[in-house]
S.K.: 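Just passing along the structure, written as C-alpha coordinates.
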Amino acid sequence: MRKYEFRWELLGDLDSGRPNLGNQVDVDLYRLMQFTVRDILEERYGADESDSIFYAAGKKAGAEFYKHFIEPVSSAEEFVSKTQEVLREKRIGVLRVEEAMLEGEGRVMLTIDEDLDCSGLPELDYETCIYDEGFVSALFESFSMKKWSAKEIDCWTTGARTCRFLVTEE
Amino acid sequence: MDIPPFVPRKHNKVNENQVITETLQIILTLLSSPKIPANLIREDFLNDYPDFKKICDTIKDVRDLSAALSVGELHKFFYSKGYILSNLKGLQSNLRHLTYQAQKVAEGDFTQKVDFLGDFSAAFNEMIIKLRESSVKLTRLANVDALTQIPNRLALEQFLVESYKLVKSAGKKLSIMICDIDFFKSVNDTYGHDAGDAVLIKVSSVLSNQFRGSDMFGRYGGEEFMGVLPNTDVQIAEKVASRALDALRTTPIIVSESVTLHKTVSIGVSMSMPDDTGYEDIVKRSDEALYMAKETGRNKVCVYSKK
(Lines give C-alpha, C1' and ligand atoms only; values in the text may rest on other atoms or scores of the structure.)
Protein backbone atom coordinates (compact mmCIF):
# COMPACT_ATOMS: atom_id res chain seq x y z
CA MET A 1 0.00 0.00 0.00
CA ARG A 2 1.58 3.29 -1.14
CA LYS A 3 1.46 6.31 1.09
CA TYR A 4 2.21 9.11 -1.36
CA GLU A 5 1.07 7.89 -4.77
CA PHE A 6 0.08 10.94 -6.80
CA ARG A 7 -3.57 11.87 -7.30
CA TRP A 8 -4.85 15.31 -8.29
CA GLU A 9 -7.16 15.27 -5.26
CA LEU A 10 -4.05 15.35 -3.07
CA LEU A 11 -3.43 18.91 -4.27
CA GLY A 12 -6.60 19.93 -2.50
CA ASP A 13 -9.24 22.58 -3.07
CA LEU A 14 -7.29 25.82 -3.27
CA ASP A 15 -10.38 28.01 -3.58
CA SER A 16 -11.61 26.99 -0.19
CA GLY A 17 -8.17 26.44 1.30
CA ARG A 18 -6.64 29.81 0.37
CA PRO A 19 -9.53 32.26 0.07
CA ASN A 20 -7.25 35.25 0.72
CA LEU A 21 -3.86 34.21 -0.66
CA GLY A 22 -5.15 32.45 -3.77
CA ASN A 23 -3.39 29.80 -5.83
CA GLN A 24 -0.29 31.77 -6.87
CA VAL A 25 3.14 31.67 -5.24
CA ASP A 26 6.49 33.27 -6.09
CA VAL A 27 8.68 31.41 -8.56
CA ASP A 28 11.69 31.65 -6.24
CA LEU A 29 9.75 29.71 -3.61
CA TYR A 30 8.85 27.05 -6.13
CA ARG A 31 12.54 26.86 -6.97
CA LEU A 32 13.47 26.85 -3.30
CA MET A 33 11.49 23.67 -2.84
CA GLN A 34 12.82 22.05 -5.98
CA PHE A 35 16.44 22.93 -5.34
CA THR A 36 16.40 21.88 -1.70
CA VAL A 37 14.77 18.55 -2.54
CA ARG A 38 17.43 18.09 -5.19
CA ASP A 39 20.16 19.03 -2.73
CA ILE A 40 19.06 16.38 -0.25
CA LEU A 41 18.54 13.79 -2.97
CA GLU A 42 22.10 14.33 -4.18
CA GLU A 43 23.44 14.26 -0.64
CA ARG A 44 21.79 10.93 0.04
CA TYR A 45 21.88 9.18 -3.32
CA GLY A 46 24.49 10.99 -5.43
CA ALA A 47 24.07 13.28 -8.45
CA ASP A 48 23.24 10.55 -10.98
CA GLU A 49 20.51 9.00 -8.89
CA SER A 50 19.19 12.44 -8.04
CA ASP A 51 18.96 13.25 -11.76
CA SER A 52 17.27 9.95 -12.41
CA ILE A 53 14.66 10.63 -9.72
CA PHE A 54 14.08 14.13 -11.08
CA TYR A 55 13.64 12.81 -14.61
CA ALA A 56 11.16 10.17 -13.39
CA ALA A 57 9.25 12.75 -11.33
CA GLY A 58 9.11 15.09 -14.34
CA LYS A 59 7.85 12.20 -16.42
CA LYS A 60 5.07 11.43 -13.99
CA ALA A 61 4.13 15.13 -13.82
CA GLY A 62 4.12 15.37 -17.63
CA ALA A 63 1.83 12.36 -17.99
CA GLU A 64 -0.57 13.69 -15.36
CA PHE A 65 -0.42 17.18 -16.85
CA TYR A 66 -1.31 15.80 -20.28
CA LYS A 67 -4.32 13.92 -18.91
CA HIS A 68 -5.49 16.86 -16.85
CA PHE A 69 -4.86 19.85 -19.13
CA ILE A 70 -4.09 18.77 -22.70
CA GLU A 71 -6.28 15.91 -23.85
CA PRO A 72 -8.36 15.40 -25.85
CA VAL A 73 -6.43 16.39 -28.97
CA SER A 74 -6.98 14.88 -32.38
CA SER A 75 -3.91 15.91 -34.36
CA ALA A 76 -0.24 16.74 -33.92
CA GLU A 77 -0.99 20.39 -34.73
CA GLU A 78 -3.65 20.53 -32.06
CA PHE A 79 -1.33 18.82 -29.57
CA VAL A 80 1.40 21.41 -30.17
CA SER A 81 -0.89 24.43 -30.10
CA LYS A 82 -2.82 23.24 -27.04
CA THR A 83 0.42 22.51 -25.19
CA GLN A 84 1.77 25.96 -26.12
CA GLU A 85 -1.42 27.55 -24.91
CA VAL A 86 -1.59 25.69 -21.58
CA LEU A 87 2.11 26.07 -20.73
CA ARG A 88 1.79 29.80 -21.28
CA GLU A 89 -1.50 30.08 -19.44
CA LYS A 90 -0.06 28.18 -16.46
CA ARG A 91 3.06 30.37 -16.66
CA ILE A 92 5.36 27.40 -17.00
CA GLY A 93 7.11 28.75 -20.08
CA VAL A 94 6.77 29.86 -23.68
CA LEU A 95 6.96 26.79 -25.88
CA ARG A 96 8.08 27.13 -29.48
CA VAL A 97 8.77 24.43 -32.01
CA GLU A 98 11.84 24.45 -34.23
CA GLU A 99 11.14 21.22 -36.04
CA ALA A 100 8.57 18.50 -35.55
CA MET A 101 8.56 15.07 -37.09
CA LEU A 102 6.09 13.16 -34.99
CA GLU A 103 5.61 10.46 -37.56
CA GLY A 104 8.38 8.30 -39.00
CA GLU A 105 11.73 9.41 -37.64
CA GLY A 106 10.20 10.76 -34.43
CA ARG A 107 12.33 13.84 -33.80
CA VAL A 108 11.26 17.16 -32.37
CA MET A 109 13.32 20.16 -31.40
CA LEU A 110 11.68 22.74 -29.22
CA THR A 111 12.54 25.60 -26.93
CA ILE A 112 10.98 26.86 -23.74
CA ASP A 113 11.52 30.55 -23.06
CA GLU A 114 11.16 31.95 -19.56
CA ASP A 115 11.25 28.42 -18.23
CA LEU A 116 9.89 28.05 -14.72
CA ASP A 117 12.81 25.90 -13.58
CA CYS A 118 15.84 27.69 -14.93
CA SER A 119 15.31 31.11 -16.50
CA GLY A 120 17.63 33.56 -14.79
CA LEU A 121 19.85 30.95 -13.14
CA PRO A 122 23.60 31.63 -13.02
CA GLU A 123 25.92 29.94 -15.50
CA LEU A 124 26.87 26.57 -14.09
CA ASP A 125 28.37 24.77 -17.07
CA TYR A 126 25.82 21.97 -16.99
CA GLU A 127 22.21 21.73 -18.12
CA THR A 128 19.90 21.73 -15.15
CA CYS A 129 16.40 21.06 -16.46
CA ILE A 130 16.31 17.32 -15.84
CA TYR A 131 12.78 17.53 -14.44
CA ASP A 132 11.68 19.33 -17.62
CA GLU A 133 13.30 16.62 -19.74
CA GLY A 134 11.10 14.01 -18.08
CA PHE A 135 8.07 16.30 -18.30
CA VAL A 136 8.51 17.00 -22.02
CA SER A 137 9.17 13.36 -22.89
CA ALA A 138 5.97 12.34 -21.10
CA LEU A 139 3.89 14.85 -23.06
CA PHE A 140 5.04 13.26 -26.31
CA GLU A 141 4.58 9.74 -24.96
CA SER A 142 1.07 10.51 -23.80
CA PHE A 143 0.14 12.02 -27.15
CA SER A 144 1.68 9.37 -29.38
CA MET A 145 1.45 6.30 -27.11
CA LYS A 146 5.08 5.59 -28.03
CA LYS A 147 8.33 5.84 -26.06
CA TRP A 148 10.12 9.20 -26.28
CA SER A 149 13.08 10.68 -24.51
CA ALA A 150 14.07 14.32 -24.12
CA LYS A 151 17.51 15.85 -23.71
CA GLU A 152 18.17 19.45 -22.92
CA ILE A 153 20.90 20.76 -25.20
CA ASP A 154 20.90 24.44 -24.29
CA CYS A 155 19.97 26.01 -20.97
CA TRP A 156 20.26 29.28 -19.03
CA THR A 157 22.87 27.55 -16.93
CA THR A 158 25.04 27.00 -19.98
CA GLY A 159 24.79 30.58 -21.16
CA ALA A 160 21.76 30.23 -23.42
CA ARG A 161 18.76 32.42 -22.90
CA THR A 162 16.22 29.74 -23.68
CA CYS A 163 15.97 26.03 -22.93
CA ARG A 164 16.30 23.90 -26.01
CA PHE A 165 15.25 20.27 -25.98
CA LEU A 166 15.83 17.52 -28.48
CA VAL A 167 13.00 15.02 -28.14
CA THR A 168 13.39 11.71 -29.92
CA GLU A 169 11.34 8.59 -30.26
CA GLU A 170 13.11 5.63 -28.68
CA MET B 1 55.97 40.03 -36.68
CA ASP B 2 57.46 36.84 -35.32
CA ILE B 3 55.52 34.92 -32.77
CA PRO B 4 57.66 34.02 -29.77
CA PRO B 5 58.00 30.31 -29.08
CA PHE B 6 55.72 29.14 -26.34
CA VAL B 7 57.12 26.95 -23.59
CA PRO B 8 54.33 24.85 -22.19
CA ARG B 9 54.19 24.00 -18.56
CA LYS B 10 52.96 20.74 -17.16
CA HIS B 11 49.25 21.11 -16.61
CA ASN B 12 49.23 19.94 -13.00
CA LYS B 13 51.84 22.50 -11.99
CA VAL B 14 50.35 25.50 -13.73
CA ASN B 15 48.95 28.39 -11.79
CA GLU B 16 45.52 29.28 -13.14
CA ASN B 17 46.26 33.01 -13.31
CA GLN B 18 49.40 32.30 -15.23
CA VAL B 19 47.47 30.23 -17.75
CA ILE B 20 44.99 33.03 -18.26
CA THR B 21 47.78 35.59 -18.71
CA GLU B 22 49.68 33.39 -21.11
CA THR B 23 46.55 32.47 -23.02
CA LEU B 24 45.60 36.10 -23.40
CA GLN B 25 49.13 36.90 -24.56
CA ILE B 26 48.85 34.25 -27.23
CA ILE B 27 45.44 35.46 -28.33
CA LEU B 28 46.67 39.06 -28.53
CA THR B 29 49.72 37.96 -30.49
CA LEU B 30 47.59 35.91 -32.83
CA LEU B 31 45.17 38.75 -33.36
CA SER B 32 48.00 41.09 -34.39
CA SER B 33 49.75 38.50 -36.50
CA PRO B 34 49.22 38.49 -40.29
CA LYS B 35 49.24 34.73 -40.28
CA ILE B 36 49.22 31.99 -37.71
CA PRO B 37 52.21 29.67 -37.86
CA ALA B 38 51.05 26.18 -38.65
CA ASN B 39 53.14 24.64 -35.90
CA LEU B 40 51.72 26.81 -33.13
CA ILE B 41 48.53 24.94 -32.38
CA ARG B 42 49.81 21.45 -31.91
CA GLU B 43 47.88 18.72 -30.28
CA ASP B 44 50.29 18.33 -27.35
CA PHE B 45 50.10 22.06 -26.75
CA LEU B 46 46.30 21.98 -26.66
CA ASN B 47 46.38 18.94 -24.40
CA ASP B 48 48.65 20.75 -22.00
CA TYR B 49 46.38 23.76 -21.90
CA PRO B 50 42.78 22.59 -21.86
CA ASP B 51 41.49 26.07 -21.02
CA PHE B 52 43.13 27.42 -24.12
CA LYS B 53 41.65 24.53 -26.10
CA LYS B 54 38.23 25.43 -24.72
CA ILE B 55 38.62 29.03 -25.85
CA CYS B 56 39.74 27.85 -29.27
CA ASP B 57 36.78 25.50 -29.53
CA THR B 58 34.37 28.23 -28.55
CA ILE B 59 35.88 30.70 -31.00
CA LYS B 60 35.69 28.07 -33.71
CA ASP B 61 32.03 27.39 -32.89
CA VAL B 62 31.21 31.10 -32.85
CA ARG B 63 32.94 31.46 -36.19
CA ASP B 64 31.19 28.45 -37.73
CA LEU B 65 27.75 29.29 -36.36
CA SER B 66 27.92 32.93 -37.44
CA ALA B 67 29.07 31.83 -40.90
CA ALA B 68 26.21 29.30 -41.10
CA LEU B 69 23.66 31.89 -39.98
CA SER B 70 24.92 34.43 -42.49
CA VAL B 71 23.84 32.13 -45.32
CA GLY B 72 20.67 30.86 -43.65
CA GLU B 73 22.09 27.43 -42.77
CA LEU B 74 20.01 26.46 -39.73
CA HIS B 75 20.85 22.80 -39.21
CA LYS B 76 24.28 23.04 -37.60
CA PHE B 77 24.31 22.60 -33.85
CA PHE B 78 27.12 23.55 -31.51
CA TYR B 79 27.66 22.44 -27.97
CA SER B 80 30.16 25.00 -26.70
CA LYS B 81 28.83 27.32 -24.03
CA GLY B 82 29.05 31.01 -23.45
CA TYR B 83 27.26 34.29 -23.88
CA ILE B 84 28.16 35.14 -27.49
CA LEU B 85 27.53 31.65 -28.77
CA SER B 86 24.28 31.47 -26.82
CA ASN B 87 23.06 34.66 -28.43
CA LEU B 88 23.87 33.24 -31.83
CA LYS B 89 22.08 30.04 -30.86
CA GLY B 90 19.13 32.16 -29.80
CA LEU B 91 19.05 33.74 -33.25
CA GLN B 92 19.37 30.31 -34.85
CA SER B 93 16.54 29.04 -32.68
CA ASN B 94 14.30 31.98 -33.57
CA LEU B 95 14.97 31.52 -37.26
CA ARG B 96 14.15 27.83 -36.92
CA HIS B 97 10.90 28.69 -35.12
CA LEU B 98 10.11 31.07 -37.92
CA THR B 99 10.84 28.40 -40.53
CA TYR B 100 8.53 25.97 -38.74
CA GLN B 101 5.80 28.60 -38.52
CA ALA B 102 6.19 29.51 -42.19
CA GLN B 103 5.80 25.81 -43.05
CA LYS B 104 2.60 25.68 -41.00
CA VAL B 105 1.28 28.76 -42.79
CA ALA B 106 2.08 27.09 -46.11
CA GLU B 107 -0.07 24.17 -44.95
CA GLY B 108 -2.95 26.61 -44.39
CA ASP B 109 -2.59 27.23 -40.66
CA PHE B 110 -3.21 30.97 -40.39
CA THR B 111 -3.23 30.95 -36.59
CA GLN B 112 0.57 31.24 -36.50
CA LYS B 113 1.88 34.33 -34.79
CA VAL B 114 5.43 35.55 -34.17
CA ASP B 115 6.36 37.55 -31.10
CA PHE B 116 10.09 37.12 -30.77
CA LEU B 117 11.72 38.97 -33.64
CA GLY B 118 11.03 42.66 -33.06
CA ASP B 119 9.86 44.57 -36.13
CA PHE B 120 9.91 41.41 -38.18
CA SER B 121 7.22 39.92 -35.91
CA ALA B 122 4.83 42.75 -36.73
CA ALA B 123 5.52 42.35 -40.45
CA PHE B 124 5.06 38.57 -40.31
CA ASN B 125 1.82 38.84 -38.34
CA GLU B 126 0.49 41.46 -40.75
CA MET B 127 1.33 39.15 -43.63
CA ILE B 128 -0.60 36.30 -41.97
CA ILE B 129 -3.67 38.53 -41.52
CA LYS B 130 -3.58 39.48 -45.20
CA LEU B 131 -3.04 35.87 -46.26
CA ARG B 132 -5.97 34.74 -44.11
CA GLU B 133 -8.23 37.38 -45.63
CA SER B 134 -7.13 36.42 -49.15
CA SER B 135 -7.60 32.76 -48.37
CA VAL B 136 -11.15 33.34 -47.10
CA LYS B 137 -11.91 35.39 -50.21
CA LEU B 138 -10.42 32.80 -52.57
CA THR B 139 -12.16 29.92 -50.81
CA ARG B 140 -15.44 31.75 -51.19
CA LEU B 141 -14.78 32.51 -54.85
CA ALA B 142 -13.88 28.88 -55.48
CA ASN B 143 -16.86 27.43 -53.65
CA VAL B 144 -19.75 29.82 -54.16
CA ASP B 145 -21.80 30.17 -57.31
CA ALA B 146 -21.38 33.75 -58.50
CA LEU B 147 -25.00 34.22 -59.61
CA THR B 148 -27.02 32.55 -56.87
CA GLN B 149 -24.49 32.92 -54.00
CA ILE B 150 -25.07 29.34 -52.89
CA PRO B 151 -22.43 26.55 -52.92
CA ASN B 152 -21.27 25.57 -56.39
CA ARG B 153 -20.56 22.13 -57.82
CA LEU B 154 -17.01 22.04 -56.46
CA ALA B 155 -18.25 22.72 -52.93
CA LEU B 156 -20.99 20.10 -53.35
CA GLU B 157 -18.49 17.49 -54.48
CA GLN B 158 -16.15 18.20 -51.56
CA PHE B 159 -19.09 17.93 -49.19
CA LEU B 160 -20.20 14.68 -50.85
CA VAL B 161 -16.72 13.20 -50.36
CA GLU B 162 -16.69 14.09 -46.66
CA SER B 163 -20.28 12.97 -46.09
CA TYR B 164 -19.71 9.67 -47.84
CA LYS B 165 -16.71 8.95 -45.58
CA LEU B 166 -19.17 8.82 -42.67
CA VAL B 167 -21.35 6.39 -44.57
CA LYS B 168 -18.43 4.00 -44.88
CA SER B 169 -16.70 4.59 -41.54
CA ALA B 170 -19.65 5.06 -39.20
CA GLY B 171 -22.52 3.42 -41.10
CA LYS B 172 -24.37 6.75 -41.32
CA LYS B 173 -27.12 7.26 -43.90
CA LEU B 174 -26.75 9.81 -46.66
CA SER B 175 -29.56 11.16 -48.82
CA ILE B 176 -29.13 13.19 -51.97
CA MET B 177 -31.75 15.09 -53.93
CA ILE B 178 -31.43 16.61 -57.35
CA CYS B 179 -33.82 19.40 -58.34
CA ASP B 180 -34.41 20.70 -61.85
CA ILE B 181 -36.46 23.79 -62.70
CA ASP B 182 -39.38 22.80 -64.93
CA PHE B 183 -39.48 24.42 -68.38
CA PHE B 184 -36.60 26.73 -67.54
CA LYS B 185 -35.53 27.08 -71.16
CA SER B 186 -38.82 28.76 -72.02
CA VAL B 187 -38.09 31.50 -69.46
CA ASN B 188 -34.87 32.38 -71.24
CA ASP B 189 -36.48 32.07 -74.65
CA THR B 190 -39.54 34.15 -73.77
CA TYR B 191 -38.25 36.78 -71.33
CA GLY B 192 -34.50 36.82 -71.93
CA HIS B 193 -31.51 35.75 -69.88
CA ASP B 194 -31.92 38.40 -67.20
CA ALA B 195 -35.31 36.88 -66.40
CA GLY B 196 -33.67 33.43 -66.38
CA ASP B 197 -31.09 34.70 -63.89
CA ALA B 198 -33.80 36.18 -61.68
CA VAL B 199 -35.58 32.80 -61.65
CA LEU B 200 -32.37 30.96 -60.74
CA ILE B 201 -31.67 33.39 -57.90
CA LYS B 202 -35.17 33.19 -56.45
CA VAL B 203 -35.53 29.42 -56.81
CA SER B 204 -32.15 28.81 -55.19
CA SER B 205 -33.03 31.12 -52.33
CA VAL B 206 -36.42 29.52 -51.65
CA LEU B 207 -35.14 25.96 -51.89
CA SER B 208 -32.02 26.49 -49.80
CA ASN B 209 -34.14 27.82 -46.94
CA GLN B 210 -35.62 24.35 -46.52
CA PHE B 211 -32.35 22.73 -45.49
CA ARG B 212 -30.65 22.36 -42.11
CA GLY B 213 -27.29 23.84 -41.27
CA SER B 214 -25.75 20.38 -41.42
CA ASP B 215 -27.00 19.86 -45.01
CA MET B 216 -25.68 21.47 -48.15
CA PHE B 217 -27.79 22.84 -50.97
CA GLY B 218 -25.99 24.09 -54.03
CA ARG B 219 -26.10 24.75 -57.72
CA TYR B 220 -25.15 21.56 -59.51
CA GLY B 221 -25.10 23.10 -62.97
CA GLY B 222 -27.42 25.10 -65.28
CA GLU B 223 -30.91 24.97 -63.80
CA GLU B 224 -30.08 21.94 -61.66
CA PHE B 225 -29.58 22.06 -57.90
CA MET B 226 -28.50 19.43 -55.40
CA GLY B 227 -29.32 18.90 -51.76
CA VAL B 228 -26.96 16.72 -49.72
CA LEU B 229 -28.36 15.52 -46.41
CA PRO B 230 -25.91 13.63 -44.19
CA ASN B 231 -27.22 11.31 -41.51
CA THR B 232 -30.69 11.40 -43.09
CA ASP B 233 -32.82 8.55 -44.36
CA VAL B 234 -34.84 8.75 -47.53
CA GLN B 235 -38.21 9.27 -45.80
CA ILE B 236 -36.96 12.46 -44.14
CA ALA B 237 -35.30 13.57 -47.36
CA GLU B 238 -38.58 13.09 -49.21
CA LYS B 239 -40.36 15.30 -46.64
CA VAL B 240 -37.74 18.01 -47.08
CA ALA B 241 -38.16 17.78 -50.86
CA SER B 242 -41.97 18.03 -50.62
CA ARG B 243 -41.65 21.04 -48.33
CA ALA B 244 -39.29 22.68 -50.82
CA LEU B 245 -41.70 21.97 -53.63
CA ASP B 246 -44.60 23.56 -51.70
CA ALA B 247 -42.54 26.59 -50.75
CA LEU B 248 -41.63 27.27 -54.36
CA ARG B 249 -45.17 26.74 -55.64
CA THR B 250 -46.43 29.56 -53.45
CA THR B 251 -43.61 31.99 -54.20
CA PRO B 252 -44.11 34.53 -56.96
CA ILE B 253 -40.97 35.37 -58.91
CA ILE B 254 -40.85 38.95 -60.13
CA VAL B 255 -38.61 39.06 -63.19
CA SER B 256 -39.57 42.58 -64.34
CA GLU B 257 -42.07 45.31 -63.54
CA SER B 258 -44.64 43.66 -65.76
CA VAL B 259 -43.77 39.99 -65.44
CA THR B 260 -44.25 37.77 -62.42
CA LEU B 261 -43.75 34.05 -62.80
CA HIS B 262 -44.57 30.97 -60.78
CA LYS B 263 -42.07 28.22 -61.26
CA THR B 264 -41.94 24.62 -60.15
CA VAL B 265 -39.20 22.04 -59.85
CA SER B 266 -38.96 18.30 -60.24
CA ILE B 267 -36.97 16.46 -57.58
CA GLY B 268 -35.34 13.04 -57.50
CA VAL B 269 -34.31 11.57 -54.14
CA SER B 270 -32.19 8.59 -53.18
CA MET B 271 -30.31 7.28 -50.17
CA SER B 272 -27.04 5.40 -49.62
CA MET B 273 -27.17 1.62 -49.99
CA PRO B 274 -24.89 -1.08 -48.62
CA ASP B 275 -23.50 -2.04 -52.02
CA ASP B 276 -22.55 1.50 -53.02
CA THR B 277 -18.93 2.04 -53.93
CA GLY B 278 -19.04 5.83 -53.81
CA TYR B 279 -21.36 8.83 -53.52
CA GLU B 280 -21.60 8.72 -57.31
CA ASP B 281 -23.92 5.69 -56.98
CA ILE B 282 -26.40 7.74 -54.91
CA VAL B 283 -26.17 10.67 -57.33
CA LYS B 284 -26.87 8.31 -60.21
CA ARG B 285 -30.00 6.93 -58.53
CA SER B 286 -31.22 10.44 -57.62
CA ASP B 287 -30.74 11.39 -61.25
CA GLU B 288 -32.82 8.40 -62.33
CA ALA B 289 -35.54 9.40 -59.84
CA LEU B 290 -35.44 12.96 -61.23
CA TYR B 291 -35.92 11.54 -64.70
CA MET B 292 -38.96 9.66 -63.40
CA ALA B 293 -40.37 12.87 -61.92
CA LYS B 294 -39.90 14.65 -65.25
CA GLU B 295 -41.39 11.75 -67.21
CA THR B 296 -44.44 11.46 -64.99
CA GLY B 297 -45.63 15.05 -65.05
CA ARG B 298 -43.01 17.31 -63.37
CA ASN B 299 -43.65 19.52 -60.30
CA LYS B 300 -43.26 16.50 -58.05
CA VAL B 301 -40.86 14.46 -55.92
CA CYS B 302 -39.87 10.94 -56.95
CA VAL B 303 -37.94 8.64 -54.64
CA TYR B 304 -35.70 6.11 -56.35
CA SER B 305 -36.99 2.59 -56.32
CA LYS B 306 -35.62 -0.50 -58.03
CA LYS B 307 -37.40 -1.28 -61.29
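Chain A is the first sequence line, chain B the second, and so forth, proteins listed ahead of strands; every chain is numbered from 1. Values reported hereafter were calculated over all heavy atoms of this structure, with side chains retained and with hydrogens, waters and symmetry mates removed. Since this is a predicted model, take the numbers as computed values, not measurements.
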S.K.: Take a 6.0 Å sphere around CD1 of B:Ile84 and say whether it holds more than 12 heavy atoms from other residues, nucleotides or ligands.
M.R.: no
S.K.: Indicate yes or no: at least one non-hydrogen side-chain atom of B:Glu107 is less than 4.5 angstrom from one of A:Glu77.
M.R.: yes
S.K.: For the NZ atom on B:Lys168, are there more than 12 heavy atoms of other groups (residues, nucleotides or ligands in this structure) within a distance under 6.0 Å?
M.R.: yes
S.K.: What part of B:Thr99 gets within 4.5 angstrom of chain A, counting heavy atoms only: side chain, backbone, both, or neither?
M.R.: neither
S.K.: If I take atom CE from residue A:Met109 and atom NE2 from residue B:His75, how far apart are they, to the nearest 0.5 angstrom?
M.R.: 10.0 Å
S.K.: Should the heavy atoms of other residues, nucleotides or ligands under 6.0 Å from NZ of B:Lys104 be counted, would the total exceed 12?
M.R.: yes
S.K.: Around A:Phe6, counting heavy atoms of other residues, nucleotides and ligands shown, do more than 12 lie under 6.0 Å from its CZ?
M.R.: yes
S.K.: Please examine the side chains of A:Arg96 and B:Asp115, heavy atoms only from C-beta on, and report whether any two atoms are closer than 4.5 Å.
M.R.: yes
S.K.: Is it the case that more than 12 heavy atoms not belonging to A:Asp13 sit under 6.0 Å from its CG atom?
M.R.: yes
S.K.: Between A:Ile153 and B:Lys89, is a side-chain contact (heavy atoms from CB on, under 4.5 Å) present by the stated rule, with each step listed?
M.R.: CA-CA 11 Å; A:Ile153 56 177; B:Lys89 284 184 191 179; over 6 Å; no
S.K.: Going from CG on A:Asp113 to CG on B:Asn94, what distance comes out if it is rounded to the nearest 0.5 angstrom?
M.R.: 7.5 Å
S.K.: Which atoms of A:Arg164 are under 4.5 Å from chain B, going by heavy atoms: the side chain, the backbone, both sets, or neither?
M.R.: side chain
S.K.: CZ of B:Arg96 to CD of A:Glu99: how many Å apart, nearest 0.5 Å?
M.R.: 4.5 Å
S.K.: Provide the closest heavy-atom pair for A:Thr111 versus B:Ser93 in the form atom of the first, atom of the second, distance.
M.R.: CG2-OG, 3.1 Å
S.K.: Surrounding NZ of B:Lys60 (heavy atoms of other residues, nucleotides or ligands, distance under 6.0 Å), is the total greater than 12?
M.R.: no
S.K.: Verify the neighbour count for atom CD of A:Glu123: are there more than 12 heavy atoms of other residues, nucleotides or ligands below 6.0 Å?
M.R.: yes
S.K.: Mark yes when over 12 heavy atoms from residues, nucleotides or ligands other than A:Arg18 sit less than 6.0 Å from its CZ; otherwise mark no.
M.R.: yes
S.K.: Heavy-atom distance under 4.5 Å to chain B: side chain of A:Gln84, backbone, both or neither?
M.R.: neither
S.K.: Under the criterion side-chain contact (heavy atoms from CB on, under 4.5 Å), I'd like the reasoning laid out for A:Leu110 against B:Tyr100: C-alpha separation, chi angles, the key distance, then a yes or no.
M.R.: CA-CA 11 Å; A:Leu110 54 88; B:Tyr100 173 82; over 6 Å; no
